[in-house]
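Comments concern the structure below.
Every chain is numbered from 1, with letters handed out A, B, ... down the list of sequences.
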2 protein chains.
Amino acid sequence: MQTNGLSNDLERIAHKTMADIVEIRLRDFLKKKAFKPGDALPKEIELAESLGVSRNVVREALSRLRMLGMIETKRKRGMVLASPDIMGSFERVLDPMFINENTLRDIFELRLTLEMGLADLLYLRMKKEDVDELEEIAKNQKITAGQHSFRIKNEIAFHGKLYTMTGNDTLQRFQNMLLPIFGYLVSLEKVPIIGKVSHLDLVNILRKGGKEDFRQGMFLHLEHHFKKLK
Amino acid sequence: MQTNGLSNDLERIAHKTMADIVEIRLRDFLKKKAFKPGDALPKEIELAESLGVSRNVVREALSRLRMLGMIETKRKRGMVLASPDIMGSFERVLDPMFINENTLRDIFELRLTLEMGLADLLYLRMKKEDVDELEEIAKNQKITAGQHSFRIKNEIAFHGKLYTMTGNDTLQRFQNMLLPIFGYLVSLEKVPIIGKVSHLDLVNILRKGGKEDFRQGMFLHLEHHFKKLK
DNA sequence: TTTTCTATTTTGTAGTACATTTAAACAAAA
DNA sequence: TTTTGTTTAAATGTACTACAAAATAGAAAA
């Protein structure tokens, strides 16, 4: 059906269900009315009547918004607008299982990009204790260089700690989300590749070097990944 | 209720509705059975019976997965697993209106981090035409330096083009999502601040300089933003 | 005034019924 | 044989009713 040359140009007509429409309408409604977190929303029946649909449909739409954390509902009290958990919605779909190959690659690059950009926040906010802790993690790796699964865990611990040190909660959660993907891709490597700059080297740079040194070091650390990109 | 000292330690008991549970169960089900995109799923009634809940509940859960693009449903044929549109789910919640102040700041930093990390992908993939086009955008700015709203548009065009040039679709869409937030924060600036390195300077660096130069230039371009961070 | 109980209200769940769409099977025509 | 048109059946989409469960607000009691 999609493979005949003719219909290539014709875009598939998107059939929207009532739930889809109601979802959009509700979103607009929340925006237009400039609801603030904590504000009470009309109850389900009222919404259903206003929109001229069944309560069923309204509930499906509300269920979506609830999943995204945009609203919270309590029996009797009704619904209130909430601050959605940005990352939460992301985490739901971010599973290597569900993501196609291209996007997987894209996300991997996104991660590399982030790591290369970490320096500024790091040098702004890192504390001595953090670096000490980071060093512990790095040393830990040397000892247990044997097992493969442990190597990945340690890899994750080290880079995760870096994100934590930025003091940016969202960034940290973002990285956390990308972990399964990272882990998945690393697990595809048959032979573990060690960069020219090790974790311990990076720690030393953080102690004694400047931002530029760190960027350079991080690049060398990740170089074998970058080399695979086309 | 939350403010009395006693209950501080007690974590709020998360009341899960059936729809929440079914959503999780379905997710696990999809994973466990290792469904591939295109595979057919059991029909609603069967799911309802298997899980021992009403079709209503199942539909709420399915509605969520459908919104995220994890499944697609066709009448008669049933449901099939699909590749979720990662960014799509993000876009839904990413509206400055709904996001709290802290997260807003976090995301802004996330963006800065990305921009600082762009260099590697840029130097790997940029083409001469891209740089030419970028130059046009940069020049455009000089001419129309007057209007405020135009300045923002141009700013967005320039940085947007940079992301496009990375050849990473996901990254580009990600940036696109962050635009409203970026715009919102920039609009808070009373006096437009010009960095030490202009857009045109960056273009020149792309033409003649190396990655390090670009990073340095980008930092100076964004410096006034970095200076505001704590 | 503070606590406890009660009544009411709203969400959560279940179940039935029917409309709508469309894949699939079949029949007819070229 | 291939294409085109028609029918049928099956699954989703929507509506409606009914009731359970929870939690607030208000009444009653201490």
Rounded distance (Å) that lies between atom C1' of dG13(D) and atom CD1 of Ile45(B): 12 Å

Does a side-chain N-to-carboxylate-O contact under 4.0 Å join Asp132(B) and Lys128(B)? yes

Measure the distance from CE on Met18(B) to C1' on dA14(C) and round it to the nearest whole Å. 11 Å

Check nucleotides 16-18 of chain D against the protein and report each pair of N or O atoms closer than 3.5 Å, with its distance, or say if there are none.
{"from": "dC16(D)", "atom 1": "N4", "to": "Asn56(A)", "atom 2": "ND2", "distance (Å)": "3.0"}

Is the shortest distance from a Lys or Arg side-chain nitrogen in Arg125(A) or Glu109(B) to a carboxylate oxygen in the other one below 4.0 Å? yes

Atom CZ of Arg59(A) and atom P of dA15(D): how far apart are they, to the nearest Å? 15 Å

Selected nucleotide, minimal atom distance to Lys43(B) side chain, candidates dT12(D), dT13(C), dG12(C): dT12(D)

Integer-rounded Å distance: dT21(C) C1' and Glu72(B) CD: 16 Å

In plain terms, say whether Glu133(A) and Lys161(A) are close enough for a salt bridge, that is, a side-chain N and a carboxylate O under 4.0 Å apart. yes

Taking Arg59(A) first and then Glu60(B), would you say they form a salt bridge - that is, a charged N and a carboxylate O separated by under 4.0 Å? yes

CG of Leu41(B) versus P of dA11(D): gap in Å, rounded? 14 Å

Write down the distance between CD (Glu49(B)) and P (dT16(C)), rounded to a whole number of angstrom. 11 Å

Least distance between heavy atoms, Ala61(B) atom then Val22(B) atom: CB-CG1, 3.6 Å

Please tell me whether Phe174(B) and Phe174(A) form a close aromatic pair, meaning their ring centres lie under 6.0 Å apart. yes

Output the rounded distance in Å from CD (Glu60(B)) to P (dT11(C)). 12 Å

Between dT11(C) and Thr17(B), is there an OP1 or OP2 to side-chain N/O distance shorter than 4.0 Å? no

Whether Arg66(B) contacts dG13(D) is assessed here as follows: a side-chain N or O lying under 4.0 Å from the phosphate OP1 or OP2. Is that the case? yes

Between dT10(C) (C1') and Glu44(A) (CD): distance, integer Å: 8 Å

Taking Asp20(B) first and then Arg64(B), would you say they form a salt bridge - that is, a charged N and a carboxylate O separated by under 4.0 Å? yes

